[in-house]
Amino acid sequence: MCGRFAQLIELEELVDSGLISDLSLTNINEVNKYLSEKQIRPTQPCVVFTTESSSKEASASIARFGAKVKLGGNSSPKLLINARAETALDKPLFHKSLMTRRCIVPVSGYYEWSELHGGKRVPYLIHPQGNQIAKLAGILLRDAVSGGEGVLVITTDASQSVSHIHHRQPLHLSQQETRMWLSRETSTKDISNMLIRSDQVKLHPTQIASSYLGDREVSLAEASTSEYTEQLRLF
DNA sequence: CCAGACGTTGTT
DNA sequence: GTCTGG
DNA sequence: CCAGACGTTGTT
DNA sequence: GTCTGG
């Protein structure tokens with residue numbers, strides 16, 4: 001679950017989201033060109049927000065979705081894209097990242113496939129109300145193969161509004177929680193509470209045409225974002 | 001104590 | 001490094 | 001997550 | 001069926 005998401009984000013929406021208060025303070029211009037992806041799949045670069053130790057303000061940077069980890073010396077590296085909220089703090093592999101390398105993945109929505117119509121997998125975009133940005137809880141992990149930055153999305157039990165599509169969902173944070181998640185002052189206890197709390201900001205599933213995601217890569221220019229924003233405006 | 005693992009999802 | 005299993 | 005491949009040798 | 005690549 002949460003193996004694919006969209007980052008089709010306007011700068012002003014990013015300001016509205018509360019992730020950045022002052023455009024000039026971030027490397028946002030450099031990052032902006034990444035914020036027009038309809039589909040971000042594992043291994044592809046995406047935009048994340050983190051708070052560097054030297055700074056109080058969160059800033060944008062690029063990380064690849066997922067990180068390859070070496071499990072057991074012999075086996076081949078495995079790509080991980082999610083970490084379970086219920087157990088992440090207990091996992092040696094994730095613990096340090098949860099303590100010091102938390103990040104936010106701002107998304108227009110994420111995709112989920114649900115089995116319908118005689119075994120066919122039907123895609124949904126699961127997104128906040130209106131054109132708001134969803135702030136997904138993530139952790140950064142060093143990729144054991146490339147050495148680059150990878151981001152894993154924290155997953156939790158699906159809340160009622162999307163549980164009919166799928167039984168898991170990304171940990172979706174409110175504005176207040178986002179601040180805590182990104183702060184380097186937040187205690188382990190508070191992190192733990194955020195990971196296991198039951199309520200989440202509501203998300204809405206919108207069924208989308210299979211052709212929208214397509215079996216072949218379609219360039220943004222060809223696809224035109226209007227089709228996409230049309231989908232979103234329905235809600 | 002040491003040795004060995006260290007991960008998620010969905011599906012069966 | 002740190003947890004689990006024996 | 002889904003889509004797509006799933007193979008080897010020698011020669012160019 | 002299962003693995004790899006994006």
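By convention in this document, chain letters (A, B, ...) are assigned in the order of the sequence lines, proteins followed by strands, and residues within each chain are numbered from 1. Heavy atoms only: backbone and side chains are in, while hydrogens, waters and symmetry mates are out.
When the P atom of B:dT9 is taken as reference, atom CZ of A:Phe65 falls 11 Å away, rounded to whole Å. In this structure, the CG atom of A:Leu93 is 20 Å from the P atom of B:dG4, given to the nearest Å. Rounded to an integer number of Å, the gap from A:Leu79 CG to D:dC1 P is 11 Å. Atom CD in A:Gln44 sits about 14 Å away from atom P in D:dA3, given to the nearest Å. As rounded to whole Å, 16 Å separates atom P of E:dG5 from atom CG of A:Leu80. With rounding to whole Å, A:Ile81 atom CD1 is found 12 Å from E:dG6 atom C1'. Here the C1' atom of nucleotide E:dG6 and the CD atom of A:Glu37 are 12 Å apart, to the nearest Å. The distance from atom CG of A:Leu89 to atom P of C:dT2 is 13 Å, rounded to the nearest whole Å.
Of the candidate nucleotides D:dC1, B:dC6, E:dG6, B:dC6 has the atom lying nearest to any side-chain atom of A:Leu71. Comparing atom distances between the A:Pro92 side chain and each of B:dT8, C:dG1, D:dC2 picks out C:dG1 as nearest. Which of C:dT2, B:dT8, E:dG6 sits closest to the side chain of A:Pro42 comes down to E:dG6.
Looking at heavy-atom distances under 4.0 Å, A:Phe94 makes contact with sugar-phosphate atoms alone, never a base.
For A:Arg84 and B:dT9, the shortest distance from a side-chain N or O to OP1 or OP2 is below 4.0 Å. Neither OP1 nor OP2 of B:dT8 sits under 4.0 Å from any side-chain N or O of A:Thr155. The phosphate of B:dT9 (OP1 or OP2) has a side-chain N or O of A:Arg168 nearer than 4.0 angstrom. Residue A:Arg4 has no polar side-chain atom (N or O) positioned under 4.0 Å from OP1 or OP2 of D:dC2.
The P atoms of B:dT9 and E:dG5 are separated by 23 Å, rounded to the nearest whole Å. Across E:dT4 and D:dG7, the matching P atoms stand 11 Å from one another, rounded to whole Å. Here, D:dC1 and B:dT8 have their C1' atoms 12 Å apart, quoted to the whole Å. Nucleotides B:dT12 and D:dC2 are separated by 14 Å at their P atoms, to the nearest Å.
Look at A:Arg142 and A:Glu149 and you find a salt bridge, because one of the NZ, NE, NH1 or NH2 atoms lies within 4.0 Å of a carboxylate O, short of that distance. Salt bridge absent: A:Glu177 and A:Arg102 never bring a charged side-chain N and a carboxylate O closer than 4.0 Å.
Taking 4.5 Å as the limit, some side-chain heavy atom of A:Ile9 sits within range of a side-chain heavy atom of A:Ser108. Looking only at side-chain heavy atoms (C-beta outward), A:Trp181 and A:Ile154 come within less than 4.5 Å of each other.
Around atom NZ of A:Lys189, no more than 12 heavy atoms belonging to other residues, nucleotides or ligands sit under 6.0 Å away.
Judged by Watson-Crick or G-U wobble contacts below 3.5 Å, the nucleotide E:dC3 has D:dG4 as its partner.
The shortest non-hydrogen separation linking A:Tyr111 to A:Ala6 is OH-CB, 3.8 Å.
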